[in-house]
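Contents: one structure, followed by commentary.
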Amino acid sequence: MMMLNLAASIPQEAIDVAKDGSLQSFWMPIQAAEGAAEVDFAFYFILAICAFFFFLLVGLGILFLVRYRRRPGYTPLPSPHHSWKLEAIWTGVPIVLTAFMFWFGFSSYMHSRTMPLDAHHVSVTGQKWSWSFKYEQGFEDNELHVAVGEPTVLTMRSTDVIHSFFIPAFRTKLDVVPGKYSKVWFTPTKEGVYTVFCAEYCGTEHSSMATKVVVHSKEGLAAWVQEMDDPTKNMTLVEGGKYWFDKKSCGTCHTVDGTARIGPSLKGLFGTERTLEDGSTVVADENYIRTSLLEPNKQIVAGFAPVMTPQSLDDDQIDEVIAYIKSLTN
Ligand code: HEC
Ligand SMILES: [Cu+2]
């Protein structure tokens with residue numbers, strides 16, 4: 001397979017980096033999960049057959065056009081009777097080929113839809129415009145962390161519109177539809193960091209609805225879980241607030257540099273007077289920010305759409321976020 005390093009043309013954070021140094025091929029991302037090789041084989045097999053018959057048929061078509069064209073003084077021979085032999089071949093060969101394609105596709109599809117009982121479980125929520133992952137140990141994060149060689153089952157839901165959960169390196173992709181659960185599973189085979197995309201257009205910031213899946217060693221995952229127990233333990237309040245701002249993907253909608261995006265910039269917000277949609281005003285103090293986070297549609301800032309969803313932050317985390325917003329004065 002031709003190897004190409006596309007690093008130059010792809011933004012750094014979108015590259016899949018396997019720990020063993022393996023690269024994507026010219027056509028395909030890194031194969032980092034069980035079953036990825038089978039998916040790629042099905043693709044190449046069908047591609048090769050299509051290419052073969054395309055050139056055979058178009059080639060013969062052109063050849064016959066030229067060779068048997070009508071020209072002066074040429075009398076066409078009478079059409080021969082049809083040939084049973086030819087017909088058997090052009091019926092039999094495609095049947096065998098398509099039956100193989102079906103068998104191959106069906107068996108790897110069944111494998112991908114049959115969830116193992118003994119697996120890690122992670123609950124995934126898709127919302128405009130970020131993914132969040134809730135772990136069995138009880139915490140939530142905006143990255144997916146899994147262990148190499150161990151199956152993980154994802155139970156996914158959407159809080160708003162249809163998203164699609166896509167990990168190219170695992171050849172895993174499934175729609176996440178509001179009002180129902182969708183499940184996928186995979187067993188990573190290579191430690192590394194790979195990209196997670198949303199593959200269903202879901203609004204303005206659809207293209208930034210990406211995160212990463214980190215494939216740890218078994219011990220690495222355990223260490224990460226321990227760290228997640230209280231990730232801001234050794235941070236100041238402001239640092240902790242910045243941490244949650246990043247982890248909760250607030251930055252998809254809010255900047256901290258004064259420019260409005262989907263939502264108002266949080267720079268210089270604290271202590272100022274806000275004009276709400278209904279014309280009333282309110283001072284942006286601790287209570288206002290707390291309400292903005294927990295019941296965002298209660299006080300809607302004039303000029304903005306009510307698209308912020310209630311944030312799952314506990315009181316300690318809210319203290320940190322408030323301290324961070326306070327620190328954004330100039
Ligand atoms: C999907 C986009 C989106 C996300 C994600 C989001 N917000 Fe908002 N936020 C908005 C919009 C839009 C408004 C203005 C409308 C309103 O008040 O509901 C807003 C308003 C606010 C306000 C009041 C701002 C003001 O100028 O008065 C604060 C504070 C705030 N958000 C903080 C946060 C924090 C902290 C996070 C992350 C934990 C977050 N938001 C995540 C869209 C978002
Ligand atoms: Cu999406």
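Counting from 1, the numbers follow the sequence of the chain as shown. Please read all numbers here as calculations on a predicted model, not as lab measurements. Excluded from the calculations below are hydrogen atoms, water molecules and symmetry mates; all remaining heavy atoms, backbone and side chain alike, are included.
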Side chain [X], main chain [Y], donor-acceptor under 3.5 Å:
X	Y	result
Arg171	Ala37	no
Thr189	Ala32	yes
Asp319	Leu237	no
Trp131	Thr125	no
Ser208	Glu205	yes
Ser217	Gly220	yes
Thr232	Met235	no
Lys298	Ser292	no

Q. Checking side chain to side chain contact (heavy atoms under 4.5 Å, CB included) against Pro178, which of Asp160, Val161, Thr159, Ile162 comes through?
A.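 For Pro178, the side chain to side chain contact (heavy atoms under 4.5 Å, CB included) test succeeds with only one of Asp160, Val161, Thr159, Ile162, which is Ile162.
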Do you know the tightest heavy-atom contact between [X] and [Y]?
X	Y	answer
Phe304	Pro264	CE2-N, 3.4 Å
Lys218	Ala147	CA-CB, 4.3 Å
Cys202	Met209	SG-SD, 3.7 Å
Pro29	Pro168	CG-CB, 3.7 Å
Tyr194	Glu191	OH-O, 3.2 Å

So that I can tick it off, tell me whether [Y] and [X] are bridged by a salt bridge, with the cut-off set at under 4.0 angstrom between side-chain N and carboxylate O.
X	Y	answer
Lys233	Glu227	no
Lys326	Glu286	yes
Asp315	Arg290	yes

Is the count of non-hydrogen atoms from other residues, nucleotides or ligands lying under 6.0 Å from [X] atom [atom1] greater than 12?
X	atom1	answer
Gln226	CD	no
Asp20	CG	yes
Lys190	NZ	yes
Arg71	CZ	yes
Lys247	NZ	yes

Spatial distance of atom [atom1] ([X]) from atom [atom2] ([Y]) [nearest 0.5 Å]:
X	Y	atom1	atom2	result
His254	Leu328	NE2	CG	12.0 Å
Leu174	Phe166	CG	CZ	12.0 Å
Leu293	Ile322	CG	CD1	7.0 Å
Gln127	Thr252	CD	OG1	9.0 Å
Leu269	Thr329	CG	OG1	11.5 Å
Leu23	Asp16	CG	CG	10.5 Å

Going hydrophobic residue to hydrophobic residue with side-chain gaps under 4.5 angstrom, can you get from [X] over to [Y]?
X	Y	answer
Val58	Phe53	no
Val146	Phe139	yes
Ile167	Val39	no
Val122	Val215	yes
Phe245	Leu313	yes

Do we see a donor-acceptor contact under 3.5 Å between the side chains of [X] and [Y]?
X	Y	value
Glu150	His120	yes
Ser265	Thr259	no
Trp244	Gln317	no
Asp40	Gln31	yes
Thr211	Glu143	no
Asn142	Ser130	no

Any non-hydrogen side-chain atom of [X] less than 4.5 Å from a side-chain atom of [Y]?
X	Y	value
Leu144	Leu154	yes
Val301	Thr275	no
Pro231	Tyr243	yes
Lys180	Arg157	no
Trp185	Thr152	no
Val184	Met156	yes
Arg274	Tyr288	yes
Tyr44	Trp27	yes

Which word best sums up how the rings of Phe41 and Phe45 line up, parallel for under 30°, tilted for 30 to 60°, or perpendicular for over 60°?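 Ring orientation, 0 to 90° scale: parallel.
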Between His216 and His145, how do the two ring planes meet: parallel, tilted or perpendicular, split at 30° and 60°?
->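 Geometry flag for His145 against His216: parallel rings.
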**Message:** Checking Asp175 against Ser164 for the side chain to side chain donor-acceptor pair (under 3.5 Å) test, could you report, in this order, the C-alpha distance in whole Å, the side-chain angles of both residues, the deciding distance, and whether it holds?
**Reply:** CA-CA 4 Å; Asp175 274 12; Ser164 180; 3.2 Å; yes
Please test Arg69 against Arg67 for side-chain contact (heavy atoms from CB on, under 4.5 Å), starting from the C-alpha separation and ending with a verdict. CA-CA 6 Å; Arg69 71 189 183 279; Arg67 192 152 171 192; over 6 Å; no
| field | Trp103 ring center within less than 6.0 Å of Phe100 ring center | value |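 For Phe100 and Trp103, the ring centres are under 6.0 Å apart.
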